[in-house]
Amino acid sequence: ASIPAAPAIRVGKPVAFEEGGNEESWTFGYSWPAQANAIAPLDVLLRARKDKVRAEMRADWQAAKTDCPPDSGTCASRYYEEHWAVVTDLADWLSLSASVETYSGGAHGNHGFDALLWDKRAGKMRDPLELFRSKRSFVDAVQADFCKALDKERAERRDEIGIEGFDECIDPTEAIIILGSSSGKAFDRVGFLIAPYLAGPYVEGSYEVTLPLTPGLLATVKPQYRSSFVTAN
């Protein structure tokens with residue numbers, strides 16, 4: 001009997017879209033890495049996201065061109081850049097994060113983040129918190145270390161620029177949560193991407209907090225996902 005041929009392996013390549021730049025203040029960019037393009041349903045999902053946000057931004061820009069005064073140099077300007085990068089690529093998971101830059105007229109643009117966790121076995125996207133027993137158990141396990149790290153970074157920045165206020169800690173789940181790995185074998189760290197205005201004024205910019213996976217946090221992982229996690233060394 002003949003031996004069945006091995007299934008074809010989809011080889012990915014980086015995908016990038018760029019539009020505008022000099023077209024009456026319209027700029028749009030969107031990209032994702034080869035690892036995401038190699039997973040067909042994930043590539044489809046990202047293309048759909050790109051098309052949706054482009055259509056929304058394009059419609060807003062066209063409306064602004066009609067509504068804004070002719071002598072306004074920035075009112076009708078629109079800028080959108082969303083670029084995805086690999087956080088970690090494990091046997092069963094692909095963890096991605098995105099940096100998002102936007103401008104919709106006004107004094108300045110804004111910066112934000114997004115994240116995407118792809119379950120390779122199930123062939124679907126999951127919320128990182130879905131891998132833990134509950135949002136409450138996750139917050140209880142990380143809150144103290146998260147606030148300590150955030151306050152340390154705040155103090156260093158504020159010593160330099162003299163900003164006061166925004167003294168309270170935030171709920172860690174208000175940040176964009178990413179799962180990472182130092183070994184490439186299992187998740188052993190959790191990252192928190194915090195956009196401007198959430199933990200401090202705009203002038204302070206964004207914050208990023210990374211915590212090692214502790215035994216206490218590992219204990220909150222659902223049993224079916226426990227093999228994908230390991231405590232940090």
Side-chain angles (χ1 to χ4, degrees), residues 29-31 33 53 74 79-88 93 95-117 126-184 186-221 229-233:
Y30 204 106
S31 68
V53 72
T74 61
Y79 177 95
Y80 189 94
E81 294 277 347
E82 181 170 332
H83 299 293
W84 290 88
V86 174
V87 178
T88 193
W93 303 92
S95 177
L96 304 176
S97 68
S99 176
V100 183
E101 300 278 352
T102 63
Y103 179 76
S104 299
H108 56 72
N110 206 0
H111 175 69
F113 302 101
D114 202 351
L116 192 156
L117 181 63
R126 295 193 187 277
D127 185 322
L129 289 177
E130 187 181 337
L131 278 59
F132 298 87
R133 290 202 312 265
S134 67
K135 176 181 175 180
R136 183 71 265 161
S137 65
F138 176 85
V139 171
D140 288 345
V142 302
Q143 182 86 59
D145 290 339
F146 171 81
C147 292
K148 182 178 179 181
L150 177 59
D151 285 344
K152 181 176 183 293
E153 180 63 24
R154 279 169 162 173
E156 292 173 355
R157 295 192 192 185
R158 291 171 187 181
D159 283 346
E160 294 179 1
I161 59 180
I163 297 294
E164 297 181 355
F166 286 90
D167 296 324
E168 297 295 324
C169 191
I170 66 170
D171 182 330
T173 60
E174 292 185 68
I176 297 296
I177 297 171
I178 55 175
L179 300 179
S181 173
S182 60
S183 66
F187 295 125
D188 62 7
R189 60 183 63 183
V190 180
F192 302 84
L193 307 177
I194 307 167
Y197 295 118
L198 188 56
Y202 180 82
V203 68
E204 284 186 1
S206 58
Y207 283 94
E208 297 186 25
V209 171
T210 301
L211 300 178
L213 194 86
T214 63
L217 183 55
L218 180 62
T220 73
V221 176
F229 290 81
V230 63
T231 55
N233 295 327

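Worth knowing before you read on, the calculation uses all heavy atoms, side chains too, and leaves out hydrogens, waters and symmetry mates.
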> If we only count heavy atoms from C-beta on, is the Val142 to Phe192 side-chain gap below 4.5 Å?
Replying inline: yes

>> Working note: Arg126 + Leu131, criterion side-chain contact (heavy atoms from CB on, under 4.5 Å); need CA distance, chi angles, decisive distance, verdict.
In response: CA-CA 8 Å; Arg126 295 193 187 277; Leu131 278 59; 4.2 Å; yes

>> Nearest 0.5 angstrom please: Phe113 CZ to Leu193 CG, how far?
In response: 5.0 Å

>> Tell me every residue that passes side-chain contact (heavy atoms from CB on, under 4.5 Å) with Leu198, counting only those two or more places apart in sequence or in another chain.
In response: Ile170, Glu174, Ile194

>> Can you give me the closest heavy-atom contact between Lys135 and Asp171, atom names plus distance?
In response: CE-OD2, 4.2 Å

> With sequence neighbours left out, what residues match Glu101 under salt bridge (charged side-chain N to carboxylate O under 4.0 Å, His left out)?
Replying inline: none

>> Run the side-chain contact (heavy atoms from CB on, under 4.5 Å) test on Thr173 and Leu129 for me, step by step, so that the C-alpha distance in whole Å, both residues' side-chain angles and the decisive distance to 0.1 Å come before the verdict.
In response: CA-CA 9 Å; Thr173 60; Leu129 289 177; 3.9 Å; yes

>> Taking salt bridge (charged side-chain N to carboxylate O under 4.0 Å, His left out) as the definition, give me every residue that meets it alongside Glu208, ordered by chain and number, with sequence neighbours left out.
In response: none

>> According to side-chain contact (heavy atoms from CB on, under 4.5 Å), who are the partners of Val86, at least two apart in sequence or on a separate chain?
In response: Pro33, Gln35, Asp89, Leu94, Leu96

>> Taking ring pair (Phe, Tyr, Trp, His ring centres under 6.0 Å) as the definition, give me every residue that meets it alongside Tyr207, ordered by chain and number, with sequence neighbours left out.
In response: none

>> Restricting to non-hydrogen atoms, name the atom on Ser95 and the atom on Phe187 that form the minimum distance, rounded to 0.1 Å.
In response: CB-CE2, 4.4 Å

> Among all residues two or more places apart in sequence or in another chain, which pass the side chain to side chain donor-acceptor pair (under 3.5 Å) test with Ser31?
Replying inline: His83

> What residues, two or more places apart in sequence or in another chain, satisfy ring pair (Phe, Tyr, Trp, His ring centres under 6.0 Å) together with Tyr79?
Replying inline: none

> Sequence neighbours excluded, which residues qualify as side-chain contact (heavy atoms from CB on, under 4.5 Å) partners of Ala195?
Replying inline: none

>> Which residues pass the ring pair (Phe, Tyr, Trp, His ring centres under 6.0 Å) test with Phe132, not counting sequence neighbours?
In response: Phe138, Phe229

> Is there a side-chain contact between Leu217 and Val190, using heavy atoms and a 4.5 Å cut-off?
Replying inline: yes

>> Does anything in residues 138-150 form a side-chain hydrogen bond (donor to acceptor under 3.5 Å, both in side chains)? List the pairs, not counting sequence neighbours.
In response: Arg136-Asp140

>> I need the Glu168 CD to Asp151 CG distance, nearest 0.5 Å.
In response: 9.5 Å

>> For Arg133, is there any backbone N or O sitting under 3.5 Å from a side-chain donor or acceptor partner on Thr220?
In response: no

>> Would you compute the distance between atom CD1 of Ile177 and atom OG of Ser97 and round it to the nearest 0.5 angstrom?
In response: 13.5 Å

> Step by step, would you call Asp127 with Leu117 a side-chain contact (heavy atoms from CB on, under 4.5 Å)?
Replying inline: CA-CA 7 Å; Asp127 185 322; Leu117 181 63; over 6 Å; no

> Can you check whether Arg189 reaches Val87 side chain to side chain, under 4.5 Å on heavy atoms?
Replying inline: no

> Could you give the distance from CZ (Phe146) to OG1 (Thr210), rounded to the nearest 0.5 Å?
Replying inline: 11.0 Å

> Residues two or more places apart in sequence or in another chain: which of them pass ring pair (Phe, Tyr, Trp, His ring centres under 6.0 Å) with Tyr202?
Replying inline: His108, Tyr197

>> The criterion is side-chain contact (heavy atoms from CB on, under 4.5 Å); which residues satisfy it with Ala98, sequence neighbours excluded?
In response: Glu82, Trp84, Asp114

> Should Thr88 and Leu179 be marked as a side-chain contact (heavy atoms from CB on, under 4.5 Å) after you check the CA-CA gap, both sets of side-chain angles, and the distance that decides it?
Replying inline: CA-CA 8 Å; Thr88 193; Leu179 300 179; 5.9 Å; no

> Hey, is the main chain of Ala199 close enough, under 3.5 Å, to the side chain of Arg154 for a donor-acceptor pair?
Replying inline: yes

